[in-house]
Amino acid sequence: MIFYFTGTGNSLFAAKTLAHEGEEVISMIEAVRSKAFHYTLKDNEPLGFVFPVYFYTVSDPVLEFVSNLTVENAGFVYAVIPCGASIGAAGGFLKSELKKRGLELQRVDALVVPDGALIFYDIDSPEKMGKRLETATKELASIKQAIDRREGNSIKGSPVLGKMGLAAYHACMSTKAFHADEKCVGCGTCASICPSGAISMVDGRPAWTKSKCLKCCGCLGRCPVSAIQYGKKTASRGRYVNPVLK
Ligand SMILES: Cc1cc2nc3c(=O)[nH]c(=O)nc-3n(C[C@H](O)[C@H](O)[C@H](O)COP(=O)(O)O)c2cc1C
């Protein structure tokens, strides 16, 4: 059983790649919305968590899900954490949160992926993004084999640093700078995919009706006409979404 959260698709891609035939891949956002917090594993079934690192830590939807989670018959527990460069304290922080739920995290892998966090910086060239995805795909194959062998590893990152990262993240969640430019066709994709439920369609155009969101960049990457902007910088930047979401 694999639980995932994704903004631009890398984590869903990773979760689907890691899953064996018939294995359940469950959205933590959907689970929180429907209050589905209780699960039972088959004998010897591994339990995986796949989600992007934000501010070198674990983000709110994952923490909210984990803090309510109960799992019966759990054995090997692992996490794969997609990142642009480094997962910082995310592994150790997740381990301490899972421990509170009686779950022993045994393996954490950072997975460097094509990074579409374009509210912060421009994305790489398509060639570089393609190479990153190719490398990540190979890396996932070897992680999957290690999981199949139930191979643990050393999990780094202090929960205190994880909480500090979270505080920094919380200070940067404002939706103020988001807007749709003249290219917007009013399709409503952004409103339907926003994991924060922060976007509503008002008079046929997106409006950010919540003051905070996860800043996952999914709306920027998944808008079919690249009409979503964040401040002035994103108009000249590229867009990225993992092919799994296309
Ligand atoms: C709000 C935000 C914060 C991020 N913080 C980090 C970070 O601290 N370290 C890092 O290496 N990558 C960071 N990234 C990059 C993401 O981890 C990377 O884009 C990831 O693949 C996104 O996964 P997804 O496609 O499943 O949403 C950040 C991205 C966003 C949107």
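All of these numbers come straight from a predicted model, not from anything done at the bench. One-based numbering, in listed order, for ligands and for the atoms of each. Residue numbers run from 1 in the order of the sequence given.
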Would [X] count as a contact of ligand 1 if the rule is a heavy atom under 4.0 Å away?
{"X": "Ser86", "result": "yes"}
{"X": "Asn242", "result": "no"}
{"X": "Phe13", "result": "no"}

Would you mind listing which atoms of ligand 1 come within a distance below 4.0 Å of any non-hydrogen atom of [X]?
{"X": "Pro82", "answer": "17 (O), 21 (O)"}
{"X": "Ala85", "answer": "10 (C), 11 (O)"}
{"X": "Pro52", "answer": "17 (O), 20 (C), 22 (C), 23 (O), 27 (O)"}
{"X": "Phe120", "answer": "1 (C), 2 (C), 3 (C), 30 (C)"}

Using modelled atom types and a 3.5 Å cut-off, is there a donor and acceptor pairing between side-chain atoms of [X] and backbone atoms of [Y]?
{"X": "Thr234", "Y": "Arg237", "result": "no"}
{"X": "His179", "Y": "Ala177", "result": "yes"}
{"X": "Arg107", "Y": "Ala146", "result": "no"}
{"X": "Thr57", "Y": "Gly165", "result": "no"}
{"X": "Gln106", "Y": "Gly152", "result": "no"}
{"X": "Lys99", "Y": "Leu94", "result": "no"}

Under the ring-ring contact (aromatic ring centres under 6.0 Å, His included) test, which residues partner Tyr169, sequence neighbours left out?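 Result, ring-ring contact (aromatic ring centres under 6.0 Å, His included) vs Tyr169: Tyr54, Phe55.
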Exercise for the section: Could you check which of Val244, Thr6, Ile123 puts a non-hydrogen atom nearest to atom 26 (O) of ligand 1? Expected result: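 Of the listed residues, Thr6 has the closest heavy atom.
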_As a check for students: among Gly221, Ala117, Ala136, identify the option with a heavy atom nearest to atom 29 (C) of ligand 1._
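Comparing heavy atoms across Gly221, Ala117, Ala136, the nearest one to atom 29 (C) of ligand 1 lies in Ala117.
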Distance from [atom] to nearest protein heavy atom, with residue and atom:
{"atom": "atom 31 (C) of ligand 1", "answer": "Lys215 O, 3.1 Å"}
{"atom": "atom 25 (O) of ligand 1", "answer": "Thr8 OG1, 2.4 Å"}
{"atom": "atom 12 (N) of ligand 1", "answer": "Gly84 N, 3.1 Å"}
{"atom": "atom 8 (O) of ligand 1", "answer": "Tyr56 N, 2.7 Å"}
{"atom": "atom 21 (O) of ligand 1", "answer": "Val113 CG2, 2.8 Å"}
{"atom": "atom 5 (N) of ligand 1", "answer": "Phe55 N, 3.0 Å"}
{"atom": "atom 27 (O) of ligand 1", "answer": "Gly7 N, 2.7 Å"}
{"atom": "atom 13 (C) of ligand 1", "answer": "Val53 O, 3.5 Å"}

ask   = When you look at NZ of Lys183, are more than 12 heavy atoms from neighbouring residues, nucleotides or ligands closer to it than 6.0 Å?
value =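 Counting neighbours around NZ of Lys183, more than 12 heavy atoms of other residues, nucleotides or ligands fall under 6.0 Å, so yes.
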Query - Under-4.0 Å salt bridge between Lys131 and Glu134 - result: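 Between Glu134 and Lys131 there is no salt bridge, as every charged N stays at least 4.0 Å from the carboxylate O atoms.
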- Just distances here: any N/O of Tyr121 and N/O of ligand 1 closer than 3.5 Å?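 It does not: no N or O of Tyr121 is found under 3.5 Å from an N or O of ligand 1.
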Is there a nitrogen or oxygen of Cys217 sitting under 3.5 Å from a nitrogen or oxygen of ligand 1?
->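 No, no N or O pair falls under 3.5 Å.
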Whether the Asp115 and Tyr121 side chains hold a donor-acceptor pair (N or O, under 3.5 Å, no angle test) is what I'd like checked.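 There is such a pair between these side chains.
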Given the side-chain rings of Phe3 and Tyr39, with only the six-membered ring counted for Trp, is the space between their centroids under 6.0 Å?
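Ring centroids of Phe3 and Tyr39 are less than 6.0 Å from each other.
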Original post:
By the rule that ILVMFWY residues connect when side-chain heavy atoms come within less than 4.5 angstrom, directly or transitively, which residues belong alongside Met164?
Top reply: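 Under the 4.5 Å side-chain rule, Met164 groups with Val160, Leu161.
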| query | Should the proximity of Phe51 to ligand 1, defined as any heavy atom under 4.0 Å, be assigned to the side chain, the backbone, both, or neither? | reply |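 Near ligand 1, Phe51 shows nothing, with every heavy atom at 4.0 Å or more.
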